Novice: 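Starting off with a structure, shown below.
Atoms within each ligand, like the ligands themselves, are counted from 1 in listed order. In this text, all values refer to a predicted model and were calculated from it rather than measured experimentally.
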Amino acid sequence: MLCEFDNATTVTKRVTKHHRLDGKWYVVENVEAQVCPECGERYYQAKTLDAIDAMLRGEHTVKRHLDVEVVSL
Ligand SMILES: [Zn+2]
């Protein structure tokens, strides 16, 4: 597909996505995305996002927990 910001052709990659669901944050590894080689913008298919939600709402294995700092500029 073409990036909506600069019309560069995106490439399919596996990325680590920060994902919010029902007020909680998750870090999801190995997510397929279309990534723009120019600006780095990521595009996800709706079916991929739905699959993440379904996986998180069901039984799933947690690889590890992270401490996250919340800061303000
Ligand atoms: Zn771009």
Novice: Considering all heavy atoms of both residues, which atom of Glu4 and which atom of Tyr43 are nearest to each other, and what is their separation?
Specialist: N-OH, 3.0 Å
Novice: Taking atom CG of Asp53 and atom CG of Asp22, what is their separation to the nearest 0.5 Å?
Specialist: 8.0 Å
Novice: Using the salt bridge (Lys or Arg N to Asp or Glu O under 4.0 Å) criterion, which residues pair with Arg14? Sequence neighbours excluded.
Specialist: Glu32
Novice: Taking side-chain hydrogen bond (donor to acceptor under 3.5 Å, both in side chains) as the test, write out the residues that go with His60, two or more places apart.
Specialist: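 For His60 there are no side-chain hydrogen bond (donor to acceptor under 3.5 Å, both in side chains) partners, ignoring immediate neighbours.
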Novice: In chain order, what residues pass the salt bridge (Lys or Arg N to Asp or Glu O under 4.0 Å) check against Lys63, with sequence neighbours excluded?
Specialist: Glu29
Novice: Looking only at heavy atoms, what is the nearest atom pair of Val35 and Gly40, with distance?
Specialist: CG1-O, 4.2 Å
Novice: I'd like to verify the contacts: list protein N, O or S atoms under a distance of 2.8 Å from the Zn ion (ligand 1).
Specialist: Cys3 SG, Asp6 OD1, Asp6 OD2, Cys36 SG, Cys39 SG
